[in-house]
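Right, one structure below, let's go through it.
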Amino acid sequence: MSDLPTHLIHHPYHPPKGFESVSPPVHKASTVIFPSVAALRSRDWKHKTGYTYGLHGTPTTFTLEARIATLEGGRFCTLAPSGLAAVALVGMALLRAGDEVLIPDNAYGPNKAFAQAELAGWGVTCQLYDPMDPADLAARLSTRTRLVWLEAPGSVTLEFPDLPALVAAVRAHSAAPGGAHPQGVVTALDNTWGAGLAFNAFDLGADVSVQALTKYPSGGADVLMGSVVTNIEALHHRVHACHMRLGYGVSANDAELVLRSLGSMALRYAAQDQATRHLAAWLQGQPHIAAVLHPALPDSPGHAQWRRDCTGAACLFSAVFQPELSQLQIDRFCDSLQLFRLGYSWAGPMSLCVPYDMASLRVTRPWPHKGGLVRFSVGLEAVADLQADLAQALSGLSAPAKGNALQSGLPIHES
Ligand SMILES: Cc1ncc(COP(=O)(O)O)c(C=O)c1O
């Protein structure tokens, strides 16, 4: 080889021996080199016993998968490019034309949108069920039900369901002779809120636990990633095979960012939990506020289930305003916050808020409140500063309102 470009590419490279660091290295690859044709021919795509192509994993992504499985108390993990991609992956891996998926009415909105728009186009039907009523779920199960989504607590409104009772309804249906789908019914939990820290998804009966690693495991508000974890090997292989066919790889650099943040995750979860509970309890007593929704508050729906099943809570609470306040006033309240910024997502360092139109987002039971709702995500700022920010924005609501009442203009996304 005489040409410099060839030398630069075929330069001998050996990973350093005798070097150890706290963080695992970032291994990046599309191409993975095989030592021989025999090795290439005998490659194992299925069991992660070796490396085949960057899309299907590198030492960095395999390390993250192993750590997320540990976090969840599960055996097998598959990474996806976002939390929503992980939700969609479960549906695409398991559902076929003629099947039905059941989703809680208060689930993360894009999970419902994926089923109602994409899965419906592929011949898969979807029903929403009332997550606070296991009998409602039981009544909707049929021989076509293949997948039942669970979420705890509900996205935005934070009702904490009786997960073991919902799982028991599915198991009773599966055990009834001739009653269940021939391939069985899978329960999949969106465990982004619990994050593997507030409770163990598998102890409460879920077959599959999905997380948006975008939230706590990343913690930086700068990475998108998702995970699908299970203890059931056959289920894992279905998810993994679908993942390979879809080309759902994640970047090693992003995986490294999540690996870097995992070490501080439990501390961040606990600190944000403490600050959130403080602010939620304080806000309850403030003028203009009709209700505060947070599962640790005794009046919040599902508080007893949360107390029974959880050791902590995530950084979200929602405030329902007094019905006399117009949407324009609530929007101005949000605009006047200085530290809570307007933006989707949660569990990052910066506190966030988003107003929602709940009446338009509920199907199985009417939304019980008349006033507008704002969801808050509490970051890592000093809690006294966050409280002062809420107080100054609330005091602005007492000032005489200017302008006309706004009829609509609410965000339609959920995140
Ligand atoms: C409960 C829940 N699940 C899933 C997701 C999707 O995560 P991602 O934003 O990574 O797609 C989100 C995002 O907000 C979420 O709140």
Side-chain angles (χ1 to χ4, degrees), residues 64 68 72 77-92 101 103-115 117-118 131 149-161 163 188-199 201 206 208-229 243 246 248-251 254-255 257-258 261 265 269 272 276 293-295 302 310 313-318 341-348 350-356 358 361 373 375-379 411-415:
L64 180 56
I68 298 297
E72 295 261 26
C77 173
T78 307
L79 297 176
S82 71
L84 180 55
V87 166
L89 174 63
V90 172
M92 288 188 285
V101 54
I103 304 180
D105 198 5
N106 60 2
Y108 173 60
N111 184 350
K112 296 187 275 184
F114 173 71
E118 303 304 329
W149 276 103
L150 309 163
E151 192 167 326
S155 195
V156 182
T157 44
L158 302 162
E159 306 92 343
F160 207 94
L163 288 173
L189 173 75
D190 184 330
N191 197 18
T192 305
W193 183 96
L197 294 173
F199 60 89
V208 174
S209 178
V210 166
Q211 268 199 58
L213 304 181
T214 308
K215 315 299 181 203
Y216 280 105
S218 147
D222 54 1
V223 177
L224 288 154
M225 204 178 291
S227 58
V228 180
V229 175
H243 177 271
L246 288 168
Y248 251 24
V250 303
S251 123
D254 286 350
L257 285 174
V258 179
S261 297
M265 180 180 162
Y269 196 93
Q272 284 168 279
T276 306
L293 307 172
H294 182 293
C310 295
C315 60
L316 296 171
F317 69 89
S318 290
R341 306 297 300 276
L342 284 160
Y344 292 110
S345 203
W346 44 283
M350 184 183 284
S351 293
L352 301 169
C353 71
V354 177
Y356 287 94
M358 289 322 303
L361 293 171
L373 177 146
R375 187 188 73 178
F376 297 89
S377 160
V378 177
I412 53 164
H413 306 291
E414 271 187 71
S415 196

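When a ligand or atom number is given, it counts from 1 through the structure's own listing order.
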### Task
Could you list which atoms of ligand 1 come closer than 4.0 Å to a heavy atom of Ser82?
10 (O), 11 (O)
### Query
By number and element, which atoms of ligand 1 are closer than 4.0 Å to a non-hydrogen atom of Lys215?
9 (O), 12 (C), 13 (C), 14 (O), 15 (C), 16 (O)
### For Asp105, all residues meeting side chain to side chain donor-acceptor pair (under 3.5 Å), sequence neighbours excluded
Thr364
### Message
Within the structure provided, determine whether Trp193 and Tyr108 are in side-chain contact (heavy-atom separation under 4.5 Å).
### Response
no
### Task
May I ask you to identify, for Leu84, whether its side chain, its backbone, both or neither come under 4.0 Å of ligand 1 on a heavy-atom basis?
both
### Task
Check ligand 1 against Gly83 and write out every atom of the ligand that is under 4.0 Å from a heavy-atom position of the residue.
6 (C), 7 (O), 8 (P), 10 (O), 11 (O)
### Query
Would you say Glu151 contacts ligand 1, with heavy atoms under 4.0 Å as the rule?
yes
### Summary
Heavy-atom proximity to atom 1 (C) of ligand 1 ranks first, among Thr214, Val223, Asp190, for Asp190
### Query
Of the backbone atoms (N, CA, C, O) and the side-chain heavy atoms from C-beta on, which set of Trp346 has a member under 4.0 Å from an atom of ligand 1: side chain, backbone, both, or neither?
side chain
### Message
Can a donor-acceptor pair be found, under 3.5 Å and without considering hydrogens, that links the side chain of Ser351 to the backbone of Gly379?
### Response
yes
### Residues which pass side chain to side chain donor-acceptor pair (under 3.5 Å) with Asn191, listed by chain and number, not counting sequence neighbours
Glu72, Ser209
### Query
Are the side chain of Tyr248 and the backbone of Leu79 linked by a donor-acceptor contact shorter than 3.5 Å?
no
### Query
Going by heavy atoms in the side chains, are Asn106 and Val156 under 4.5 Å from each other?
no
### Message
Is there a polar contact between ligand 1 and Ala85, counting only N or O atoms under 3.5 Å apart?
### Response
no
### Message
Below 4.0 Å from ligand 1: does a non-hydrogen atom of Tyr344 turn up there or not?
### Response
no
### Query
Below 4.5 Å, heavy atoms only, C-beta onward: do Leu257 and Met225 meet side chain to side chain?
no
